[in-house]
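Okay, so here's the structure we're looking at.
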Amino acid sequence: MNKFRKILATLLSLSVASSAFLFTGCDNDENTSVPKTEISEEESENEEEAEEAEEEDEAQEEDDEETTKKDKKKKESKDTEEKTVSKDIIFSLKNGNSWPEGNTTITQLDGTITNNQASAVSGWKVTLPVGDDASVKNSWGLTYDISDGTLTITPDNNTGSILSNGSINFGIQIASSENIDANSASFTANNISSPVSNNTSEENSNNNNNNNNNNNNNNSNNNSIVSSPDAKEVPEPTTDDWLSVKKNKIVDADGNEVWITGCNWFGYNTGTNIFDGLWNSDLNQSINAIADHGFNLIRIPISTELVNQWEDGVYPEANFNQAINAYLLGMNSLEIFNYIIDQCRANGIKIMIDFHCASTDASGHVYPMWYDEKISEDDFIRGLEWIASTYKNDDTIVAIDLENEPHGKPDETPRAKWDDSKDADNWKHIAEKAGLAVLKKNPNLLIMVEGIECYPIDTKSNGDFSSKDKEDYYFNWWGGNLRGVADNPVDLGKYNDKLVYSPHDYGPTVYAQPWFEGGYTFESLMEDCWYDNWFYIFDKKKAPLLIGEWGGFMKEPNLTWMTYCRQLIKENKLHHTFWCFNANSGDTGGLVLDDFKTWDEEKYAFVKEVLWQDDDGSFIGLDHEIPLGENGITLSEYYD
């Protein structure tokens, strides 16, 4: 009956509206509202009856709605119970960073299993399609087998049993020509009371960015702190080790010349959100080893995106082997970064922060600019300012490399240029703007400015980089072309005593540049590449040089170039940071082998010749009070 009366009321209303519409029409095609219209007495009585019917139905609908709410509440309660049960075991496998290697791509998978049920979980297994040509490069916290294009992951001795309220992490790096998708993984285990699926939802991903939900925080209910036997006692930060520039030298506060001889260790740019390699090695042992081997500075590549996230209170998960580096559990990624700074200080190592790419990505450096679709110029500058301001009272960080390898060819968009304009793509202008922003926050930092890729041959006719013809330009390595300094040097005003130019240089195994063709010598490299691109800056005492990246495999055709580059560094005492500590640099290799623990002794012996040492062979640090590792001395000891 109620439904019939409601239908009747609706029909009467429609009748009134239709008659009004027929007589008055619409004002225009876009306006479909019904104009206000006079109605007859009979229509009015019908409308009143319809309204009464509607009021009764509304009362009935309220009763029905209350019943529906109760039913819905019961259903929600049931759903909540089901979610609680399904969350007894949380399995997460996510795609981490990836990078090309030959004809394949290395893909890192990061896994977590959390046991929230009352009993322990054992015998877990993960299966995942990976392709017929797949092979494993590195793994931690697991054992594996690949058969018929399927990867089977099972626990190792440390991850086999997951106690109640416990959690384990594991990871693997797979080389494959096919795309590897963590969402395709299947998980099984013994002693599980409910089904488990791969929890890779956006919600889960976002939780990992929250300090309170960070997967590293496995000891949140345990007040005991795991210590590391390899950690050094951390001294308080100081402010007496700042460096500055005197012509083409870098000097300490007393005017004594120093020699920066460091290495690169990447990972904070790739999505690992910590140094790469800690999936298989101990952080403190690695830092200690770098100091003990005589490298007095670590250049740390980092993404602007990660720095912005830290400033905004977001802490992406740091991916590391939690069994080996248990003392890092409970720290978010920024806290681990600060822990690293402390341990570098304790070892007498200084740090250069290298803004390596805009967005966090293992291939982020391929993008030519300091900004991209996600990261703006303002984001870039605020990231630099945040680092400068946050650590202004700690001279462990002594330098900032404003941007890694600005580049781009003349026919590419975007591309970095170098001229006297204030254009948004003029790296020289942006370097001044960014450098001054940094020095306003901390006037003590060294500012490293890299070059670009191409520079006009004729600056009178093409000084604005308007030509798209490659024949009109000189080319060099990304970040290695500093010809523009001769015409338009970077001007930091009163802070020019903080300016250092920082080219990159590589050998033929990275790319077969024209100056390698038909054989080459030290003299031909100087004439065809080094001098006009950047060495003239040092030779004419315009500013110091720090070769921010150089290195490669210890074999031909690379070894000859490396020998000549080392000769250039040694004869002129050029500052440098060797590329790199990491074993997973595909086109250069690293100072350590694939386990990230065993040093490549041949390569180290080669680089050791250009590490700063005294006559007795002791390595010389850049700290006045803390010696460099177990085999080094302080700056004060060297000059006393």
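What you see is a predicted model; the values in this text were computed from it and never measured.
- In terms of heavy-atom proximity, E311 sits nearest to W386 at CG-CD1, 3.3 Å.
- Taking the six-membered ring for Trp and thresholds of 30 and 60 degrees, F187 and F91 have nearly parallel ring planes, at less than 30 degrees apart.
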Query raised in the report: Does the pair D361 and Y367 meet the rule for a side-chain contact (heavy atoms from CB on, under 4.5 Å), with working shown?
Result: CA-CA 10 Å; D361 191 325; Y367 193 79; over 6 Å; no

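- One finds the OG atom of S585 at 9.5 Å from the CG atom of N264 (value rounded to the nearest 0.5 Å).
- With D587 contributing its side chain and V510 its backbone, the two residues share no donor-acceptor pair below 3.5 Å.
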Report task. Could you walk me through whether R299 and N404 pass side-chain contact (heavy atoms from CB on, under 4.5 Å), step by step? Result -> CA-CA 11 Å; R299 179 176 180 257; N404 178 72; 3.2 Å; yes

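- Between N584 and W279, the closest side-chain pair of non-hydrogen atoms falls below 4.5 Å.
- I162 is listed as a side-chain neighbour of W124, based on a closest heavy-atom distance under 4.5 Å.
- Counting only distance, with no hydrogens or angles, the side chain of D110 and the backbone of N319 share no donor-acceptor pair below 3.5 Å.
- Checking T105 against T107 by side-chain atom types alone, no donor-acceptor pair falls below 3.5 Å.
- Considering only heavy atoms from C-beta on, W370 stays 4.5 Å or farther from L402 through its side chain.
- Side chain of E305 to backbone of T360: a donor-acceptor contact under 3.5 angstrom is found.
- Within the 3.5 Å criterion, the main-chain N or O of L243 finds a donor-acceptor partner in the side chain of K498.
- Side-chain contact check for W478 versus Y506: every heavy-atom pair is 4.5 Å or farther apart.
- Side-chain rings of F266 and H356 stay apart, their centers remaining 6.0 Å or farther from each other.
- Between A120 and Q117 the shortest heavy-atom distance is O-NE2, 4.1 Å.
- At least one donor-acceptor pair closer than 3.5 Å links the side chain of N308 to the backbone N or O of D379.
- Using modelled atom types and a 3.5 Å distance limit, the side chains of T154 and T143 yield a donor-acceptor pair.
- Within the 4.5 Å cutoff, no side-chain heavy atoms of E403 are placed close to those of E450.
- Between I341 and C344 there is no side-chain heavy-atom pair separated by less than 4.5 Å.
- In this structure, CZ on F581 lies 9.5 Å from CD1 on I287, to the nearest 0.5 angstrom.
- Between the side chain of R345 and the backbone N or O of P235 there is at least one donor-acceptor pair closer than 3.5 Å.
- Of all the heavy atoms in D401 and M352, the pair that sits closest is CB-SD, 3.9 Å.
- Note that CD of Q309 is 7.0 Å distant from OG of S303, once rounded to the nearest 0.5 Å.
- Here the closest non-hydrogen pair linking A175 and I106 is CB-CD1, 3.3 Å.
- Under 3.5 Å, the side chains of D240 and T238 contain a donor-acceptor pair of N or O atoms.
- For the atom pair CG (N273) and CD1 (I336), the distance works out to 9.5 Å, reported to the nearest 0.5 Å.
- Of the N and O atoms on the side chains of Y268 and D354, not one donor lies less than 3.5 Å from an acceptor on the other residue.
- Using modelled atom types and a 3.5 Å distance limit, the side chains of D372 and S359 yield a donor-acceptor pair.
- Within the model, atoms CD of Q173 and CG of D276 stand 7.0 Å from one another, a figure rounded to the nearest 0.5 Å.
- The pair R382-D312 meets the salt-bridge criterion, since a charged nitrogen lies less than 4.0 angstrom from a carboxylate oxygen.
- Of all heavy-atom pairs spanning A182 and L109, the tightest one is CB-CD2, 4.1 Å.
- Remark: I447 CD1 to I400 CD1 distance equals 6.0 Å, nearest 0.5 Å.
- Contact detail for L445 and L439: the closest heavy-atom pair is O-CD2, 3.5 Å.
- Checked by atom type, the side-chain pair Y327/D230 shows no donor-acceptor distance below 3.5 Å.
- Neither side chain, N321 nor N280, offers a donor N or O lying under 3.5 Å from an acceptor on the other.
- A donor-acceptor pair under 3.5 Å is formed between the side chain of S176 and the backbone N or O of V130.
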Query raised in the report: Does the pair L546 and T577 meet the rule for a side-chain contact (heavy atoms from CB on, under 4.5 Å), with working shown?
Result: CA-CA 8 Å; L546 182 145; T577 47; 4.0 Å; yes

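- Within a 6.0 Å radius of NZ in K597, more than 12 heavy atoms belonging to other residues, nucleotides or ligands are found.
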Report task. Evaluate the criterion side chain to side chain donor-acceptor pair (under 3.5 Å) for residue pair N288 and N347; output intermediate values, then yes/no. Result -> CA-CA 7 Å; N288 296 349; N347 276 276; 3.1 Å; yes

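- No donor-acceptor distance shorter than 3.5 angstrom exists from the side chain of D395 to the backbone of V398, with no hydrogens or angles considered.
- Between the side chain of N115 and the main chain of L163, a donor-acceptor pair closer than 3.5 Å is present.
- Applying the side-chain contact (heavy atoms from CB on, under 4.5 Å) test between F170 and each of T159, T112, I113 identifies I113 as the sole match.
- With contacts defined as side-chain heavy-atom distances shorter than 4.5 Å, the pair F275/I340 qualifies.
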Requested in this report: Report the C-alpha separation of Y371 and I430 in whole Å, then their side-chain angles, then the decisive distance to 0.1 Å, and conclude whether the side-chain contact (heavy atoms from CB on, under 4.5 Å) test is met.
Outcome: CA-CA 11 Å; Y371 59 85; I430 299 300; over 6 Å; no

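- Without hydrogens or angle criteria, Q343 side chain to K232 main chain gives a donor-acceptor distance under 3.5 Å.
- Between the side chains of N284 and Y339, at least one donor N or O sits under 3.5 Å from an acceptor N or O.
- Between I274 and L328 there is a side-chain heavy-atom pair separated by less than 4.5 Å.
- Shown are H576, H575, H504; of these, the ring pair (Phe, Tyr, Trp, His ring centres under 6.0 Å) with W550 is made only by H576.
- Taking a cutoff of 4.0 Å between a charged side-chain nitrogen and a carboxylate oxygen, D623 and K350 qualify as a salt bridge.
- Side-chain N/O atoms of T396 and D394 include a donor and acceptor closer than 3.5 Å.
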